[in-house]
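Values in this document were obtained by computation on a predicted structure and should not be read as measured data. Here, residue 1 is the first one in the sequence, and each next residue gets the next number.
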Amino acid sequence: AEKRMGNQKHFWYSQLIQKTGGEVMFKKLLAGLLAASLVLSLASCNNGGGETSSTESKGGNDSSAAESTGGGDGEYSGTLTIWDGDPGRAPTGDAYKAYFAEKYPNLEFKFEMKTENTYQSALSSAFGANQGPDVFWNWGTKNGILESIVAEDYVMPLTDIADMSLFEKDGEKTMISGICYVNDILYGVPTAAVDTRTIYYNKDIFEEHGYKPSEKLSDFEAMCDQMLADGIQPLTVAATEYSSLFHVYDFILCACKGGPEFIKDTEAIKAKQNDPRGVYALEKYMSWRDKGYFSPASTGNDGSAAVLEFAQGGTAMIICGSWLLSNVKNANENLNFDVYKLANEADGKIYSCITANGAYSIAANTQNLDNAKMFIEWMCTAEGQKTWMDACNSVPGIPEVEAADPLASEIGTADEQISGYYELLAATAVNGTPNKADEENWVPLWNGQITVEEFANRVAEQQDAVK
């Protein structure tokens with residue numbers, strides 16, 4: 001069923017059987033699914049490189065080399081160490097800690113949070129030294145990290161461990177599960193949320209100054225101009241993180257004329273980044289930077305700092321991912337905020353860029369295999385998935401999990417859902433590396449070290465599959 005909100009549709013769920021044939025490209029994209037979630041968390045130990053934050057469920061020293069024992073409820077002991085590489089998912093650590101402390105009191109649970117920019121090197125270094133986590137979250141095949149670590153023989157195949165029926169109802173890969181396979185071998189269990197982008201806005205600031213959250217792009221820009229005139233900073237972004245920058249680009253593509261068609265043509269391997277429609281959205285984005293829509297602090301912000309700047313009232317709005325809803329709430333429990341999106345300036349439709357989330361994999365060198373298997377098997381259940389999604393306030397991508405937070409449901413409201421642009425880049429190359437070019441050039445573009453034209457051409461040069 002679908003519920004209309006103005007000119008928008010809320011897709012509560014539409015069967016997510018979108019076959020991918022092994023490639024992470026979703027052709028149409030779920031006409032549905034949305035709702036979302038809640039809970040809490042952080043993370044764990046310290047047996048690898050990179051910046052970390054950590055939480056332990058039981059205490060004790062680092063015993064990732066300790067033997068694990070398992071067999072049934074209440075029988076798991078030893079250690080289970082999990083790593084994650086995105087601070088936006090920090091709330092999952094405490095949720096897991098609480099769950100396992102009650103269910104398996106003899107199990108020492110450790111959860112360690114790495115920074116996104118150092119995650120791949122931290123994993124490779126730890127595994128190369130025969131250390132590291134038992135289980136690690138990753139982005140699947142969306143950014144090349146899983147494939148790289150698989151090529152180093154650091155990841156355990158899960159074909160005989162994971163029951164994928166919760167995600168693959170007819171036994172075929174879906175948009176959510178397709179990112180878990182490398183060369184058609186299963187190496188991960190999906191975190192079965194769908195990620196999209198939205199505007200979070202401070203309702204108190206809007207009401208105090210009489211701002212209205214209009215869906216029209218021109219109204220939005222006029223409002224930002226007025227905010228600046230009123231001494232109000234409109235937006236913030238984590239401009240030290242390429243991923244935060246390209247998530248805003250997705251949002252702007254959805255609102256700009258020709259943007260959705262550009263994304264669809266990229267998915268069909270017919271368009272490069274230097275296509276005029278892609279360039280138009282880039283120029284729009286950088287014009288907002290140049291007008292001062294984004295705070296001065298944005299240039300030095302990481303994801304946590306940007307969320308905190310908005311949550312503490314430093315800006316009226318933030319454009320970011322649906323997965324940061326818990327982080328916004330945790331940054332200021334008294335924040336009075338809501339969400340909305342912009343309509344496309346050409347056809348008036350609300351578009352949402354939707355992407356699969358990621359996966360949990362088992363390290364090939366784990367010395368706590370029983371515990372790692374237990375966790376993976378649990379993540380193949382609706383209970384495990386709901387624990388994860390509630391912690392992040394994510395938008396569920398499977399019907400067995402319902403949203404715990406009305407705001408997460410509202411984030412999923414759209415007329416049409418389309419692919420996120422970055423996730424389509426890999427398929428536009430045979431020998432090129434457009435994802436790498438995209439990642440390496442977002443921050444230089446933001447900092448004014450390169451122009452929009454240079455950015456677009458650097459990515460386009462790598463898209464050698466597009467004729």
Side-chain angles (χ1 to χ4, degrees), residues 8 24-30 142 194-199 215-221 224 235 237-239 241-290 293-294 317-322 339-356 411-428 434-435 437-439 441-442 445-446 452-453 455-460 463 466:
Q8 305 172 38
V24 188
M25 276 173 47
F26 31 96
K27 282 232 179 189
K28 283 186 184 172
L29 217 70
L30 27 134
K142 294 196 296 182
V194 289
D195 294 338
T196 187
R197 300 81 170 108
T198 193
I199 299 174
E215 294 175 353
K216 291 183 64 176
L217 180 59
S218 59
D219 288 347
F220 175 81
E221 293 180 307
C224 288
L235 292 162
V237 68
E241 298 177 354
Y242 70 84
S243 57
S244 294
L245 291 171
F246 75 63
H247 290 144
V248 178
Y249 180 55
D250 278 349
F251 184 87
I252 294 174
L253 278 170
C254 288
C256 282
K257 61 184 179 184
E261 291 75 21
F262 166 66
I263 289 176
K264 293 173 185 178
D265 284 348
T266 300
E267 188 171 14
I269 323 298
K270 294 179 179 179
K272 295 184 178 184
Q273 175 68 83
N274 59 2
D275 181 287
R277 298 166 296 181
V279 170
Y280 173 73
L282 283 171
E283 290 175 338
K284 175 71 72 176
Y285 191 176
M286 292 303 105
S287 76
W288 291 3
R289 175 203 62 186
D290 295 341
Y293 289 0
F294 295 96
M317 299 174 287
I318 184 173
I319 300 172
C320 61
S322 55
V339 300
Y340 79 100
K341 294 184 179 179
L342 298 179
N344 184 269
E345 62 181 336
D347 62 18
K349 292 172 64 175
I350 301 287
Y351 292 90
S352 285
C353 283
I354 299 290
T355 56
I411 291 170
T413 300
D415 290 314
E416 184 176 344
Q417 293 156 340
I418 54 180
S419 303
Y421 182 70
Y422 172 84
E423 282 74 18
L424 301 176
L425 288 175
T428 65
N435 292 79
D438 187 84
E439 294 168 9
N441 286 287
W442 266 114
L445 174 62
W446 176 270
V452 165
E453 182 180 6
F455 175 92
N457 287 336
R458 288 181 184 185
V459 177
Q463 295 176 287
V466 182

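- When Y242, F246, Y422, Y249 are each tested for a ring-ring contact (aromatic ring centres under 6.0 Å, His included) with W442, only one passes: Y249.
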Give the C-alpha distance, both sets of side-chain angles, the deciding distance and a yes or no for side chain to side chain contact (heavy atoms under 4.5 Å, CB included) between F220 and E215. CA-CA 7 Å; F220 175 81; E215 294 175 353; over 6 Å; no
Worked verdict on K341 versus F251 for side chain to side chain contact (heavy atoms under 4.5 Å, CB included): CA-CA 8 Å; K341 294 184 179 179; F251 184 87; 4.3 Å; yes
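- A salt bridge is absent between K284 and E345; no separation between the charged side-chain nitrogens and carboxylate oxygens falls under 4.0 Å.
- Closest heavy-atom contact between D250 and G420: OD2-CA, 3.7 Å.
- Here the two rings, on Y421 and F262, have centers that are under 6.0 Å apart.
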For Y293 and E221: C-alpha separation, side-chain torsions, deciding distance, then whether side chain to side chain donor-acceptor pair (under 3.5 Å) applies. CA-CA 9 Å; Y293 289 0; E221 293 180 307; 5.1 Å; no
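- Note that CD1 of I418 is 3.5 Å distant from CD1 of I263, once rounded to the nearest 0.5 Å.
- Under the salt bridge (charged side-chain N to carboxylate O under 4.0 Å, His left out) test applied with D265, the options K272, K270, R277 reduce to a single match, R277.
- Between D347 and K349 there is no salt bridge, since no side-chain nitrogen of the basic residue lies less than 4.0 Å from a carboxylate oxygen of the acidic one.
- Pairing each heavy atom of A255 with each of L342, the nearest pair is CB-CB, 4.0 Å.
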Go through L282 and L445 one step at a time and tell me if the side chain to side chain contact (heavy atoms under 4.5 Å, CB included) criterion holds. CA-CA 10 Å; L282 283 171; L445 174 62; 4.3 Å; yes
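- Nearest heavy atoms, S322 versus D195: OG-CA, 3.7 Å.
- The aromatic rings of F294 and Y285 lie tilted to each other, with the angle between the two planes from 30° to 60°.
- The two residues R458 and A437 come nearest to each other via the heavy atoms O-CB, 3.7 Å.
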